[in-house]
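Since we're looking at a predicted model, the values are computed, not measured.
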Amino acid sequence: MTATTKTPAAVPAERSAARARRLSLLNVAFELRAFIALAVLIVIFGLLSDSFLTVPNLITMTKHVAINAVIALGMLLVILKGGIDLSVGSIVGLSGVVAGELLGGLHVGGVIAYPPVWVVIVLCVTVGMAVGAVNGLLVTRFNVAPFIATLGMLYVARGAAMLISDGATYPNLGGDPALGNTGFGLLGSGRPLGLPTSIWIMIALAVLATLLLAKSPFGRWLYATGGNERAADLSGVPIRRVKTIVYVISGACAAVAGLIIASELTSAAPQAGETYELNAIAAVVIGGAALSGGRGTVRGTLVGAFVIGFLADGLVILGVSTFWQILIKGAVIILAVMLDQGQQRFKRRGAAAAAVAASKEHH
């Protein structure tokens with residue numbers, strides 16, 4: 001029987017390989033952090049409240065999540081290219097106000113015209129896209145920093161909503177059968193196949209976003225632009241077009257969310273959507289996207305939206321003070337960013353350890 005004796009060079013190589021494996025496992029844990037956080041929330045709130053895991057409550061919470069998820073999907077595209085969109089909350093309010101104005105009737109040549117609901121929806125989404133196009137124009141043509149450009153449009157869109165509505169709320173958006181403008185309530189209160197319409201809209205947009213990022217040239221351009229804009233430009237990627245399109249899509253998603261909210265409440269207020277941009281950014285970051293661009297997924301963003309939504313609703317069910325809710329949400333966002341930075345450090349260490357192990361094995 002012959003004993004195997006390790007050479008002095010083999011011991012460091014094995015240690016480096018073991019360290020690389022440990023760092024790889026930690027990286028997997030970091031990658032799954034949003035799923036882990038969601039599972040922990042479900043377990044904790046499920047134990048603390050008997051009503052949390054009931055089917056009606058889960059559907060209600062998912063309905064709340066859907067609104068933030070719709071906005072977050074548009075925000076994901078902007079963040080993937082290394083930008084930010086602070087105007088989405090104001091677009092939510094503006095689209096609702098435009099819907100309220102249109103459903104209330106347009107004065108044309110002394111006659112009041114009542115457009116059908118589908119026309120109202122198309123026009124409101126177009127308004128959101130127009131605001132997004134202005135954001136894209138400011139960023140691409142005038143080289144305004146995304147933070148400043150969208151912050152300015154936050155105030156412009158909110159001010160426009162205030163001017164259109166004169167600061168008032170539009171009540172009773174249900175429409176009148178005699179005027180042919182009924183059906184707006186379907187977006188907020190409809191339940192096709194037993195699920196709220198907003199959940200179906202979230203699912204549809206998530207599928208479209210996934211196909212856009214995974215199966216289209218635009219998706220490859222977007223990741224390339226966010227990863228290294230200079231290299232993407234030299235490779236022939238239409239940088240300006242990509243930047244403009246993501247802001248247009250983000251504006252459209254925010255407008256859809258605004259329509260859902262106005263439909264659900266059957267009223268529209270110019271103040272609607274305040275701080276929604278922060279919730280959307282939080283969902284994207286918690287879902288694993290990098291604020292520097294080039295990294296993020298639709299799946300992660302949806303999970304991030306569920307983490308934010310279930311956390312907020314769970315705290316409400318438990319009767320936690322609103323002030324504590326705000327504090328906890330802020331702490332969760334900071335923790336998510338810290339974990340993301342930790343993940344990047346572990347990735348670099350893991351890559352270095354794997355390279356060292358491979359080098360020592362080769363020698």
Side-chain angles (χ1 to χ4, degrees), residues 31-42 44-45 52-53 57-80 84-86 88-89 91-92 128 187-188 195-210 212-213 246 249-261 264 272-291 295-317 325-326 328-337 339-340:
E31 291 285 354
L32 297 174
R33 63 185 182 273
F35 293 92
I36 295 171
L38 181 59
V40 169
L41 286 177
I42 291 174
I44 291 176
F45 287 128
F52 185 81
L53 291 178
N57 187 59
L58 288 174
I59 292 176
T60 299
M61 291 192 298
T62 304
K63 183 179 179 181
H64 297 161
V65 167
I67 295 172
N68 186 38
V70 167
I71 304 173
L73 288 171
M75 185 69 73
L76 169 66
L77 302 184
V78 175
I79 288 178
L80 280 176
I84 201 79
D85 190 353
L86 300 179
V88 291
I91 295 175
V92 168
L187 290 174
L195 288 178
T197 306
S198 56
I199 295 179
W200 290 114
I201 293 174
M202 174 186 69
I203 294 171
L205 291 179
V207 171
L208 289 175
T210 300
L212 179 68
L213 293 177
V246 294
I249 294 175
S250 179
C253 289
V256 170
L259 289 170
I260 293 173
I261 294 171
E264 183 177 342
E274 289 182 347
T275 74
Y276 276 38
E277 62 276 359
L278 303 181
N279 288 335
I281 294 170
V284 175
V285 172
I286 291 172
L291 288 174
R295 179 166 52 85
T297 63
V298 172
R299 180 183 64 253
T301 297
L302 288 178
V303 175
F306 272 92
V307 169
I308 291 291
F310 277 24
L311 175 63
D313 284 352
L315 293 173
V316 170
I317 290 173
Q325 292 178 36
I326 296 171
I328 293 171
K329 186 183 295 185
V332 168
I333 295 170
I334 294 172
L335 179 61
V337 174
L339 288 174
D340 179 70

Distance-only criterion, 3.5 Å: show the donor-acceptor pairs between side-chain atoms of residues 60-70 and protein atoms not counting sequence neighbours.
| unit_1 | atom_1 | unit_2 | atom_2 | d |
| --- | --- | --- | --- | --- |
| Thr60 | OG1 | Pro56 | O | 2.9 |
| Thr62 | OG1 | Leu58 | O | 2.7 |
| Lys63 | NZ | Gly188 | O | 3.1 |
| His64 | ND1 | Asp313 | OD2 | 3.0 |
| Asn68 | OD1 | Ala280 | N | 3.3 |

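Between Leu213 and Leu80 there is a side-chain heavy-atom pair separated by less than 4.5 Å. Looking at heavy atoms from C-beta onward, Glu264 lies out of side-chain contact with Ile261 at the 4.5 angstrom threshold. Within the 4.5 Å cutoff, side-chain heavy atoms of Ile281 are placed close to those of Met75. Leu208 has its side chain out of reach of Leu212: every pair of non-hydrogen atoms, C-beta onward, lies at least 4.5 Å apart. The closest side-chain heavy-atom distance from Glu277 to Ile84 is not below 4.5 Å. Contact annotation: the side chain of Asn57 approaches that of Phe52 to within less than 4.5 Å [non-hydrogen atoms, C-beta and beyond]. Using a 4.5 Å heavy-atom cutoff, the side chains of Leu278 and Ile333 are not in contact. Side-chain atoms of Pro196 and Ile59, non-hydrogen and from C-beta on, do get closer than 4.5 Å to each other.
Minimum interatomic distance between Ala255 and Ile91 (heavy atoms only, all atoms of both residues): N-CG2, 3.8 Å. Ile260 and Leu187 get closest at one heavy-atom pair: CG2-O, 4.1 Å. Residues Ala257 and Val92 approach most closely at CB-CG2, 4.3 Å, considering heavy atoms. When every heavy atom of Ala206 is checked against every heavy atom of Val298, the shortest pair comes out as O-CG1, 3.7 Å. Taking each heavy atom of Ala37 and Val307 in turn, the nearest pair found is CB-CG2, 4.4 Å. Residues Ile79 and Ala290 approach most closely at CG2-O, 3.4 Å, considering heavy atoms.
Summarising the geometry, atom CD1 belonging to Ile308 is positioned 11.0 Å from atom CG belonging to Leu38; distances are rounded to the nearest 0.5 Å. A distance of 7.0 Å separates OH of Tyr276 from CD1 of Ile71, quoted to the nearest 0.5 Å. Taken to the nearest 0.5 Å, the CG atom of Asp85 stands 4.0 Å off from the OG atom of Ser250. Taking CG of Leu77 as the reference point, atom CD1 of Ile249 lies at 5.5 Å (rounded to 0.5 Å).
Every residue two or more places apart in sequence or in another chain that forms a side chain to side chain contact (heavy atoms under 4.5 Å, CB included) with Leu315 is listed here: Phe45, Leu311, Val320, Gln325, Ile328.
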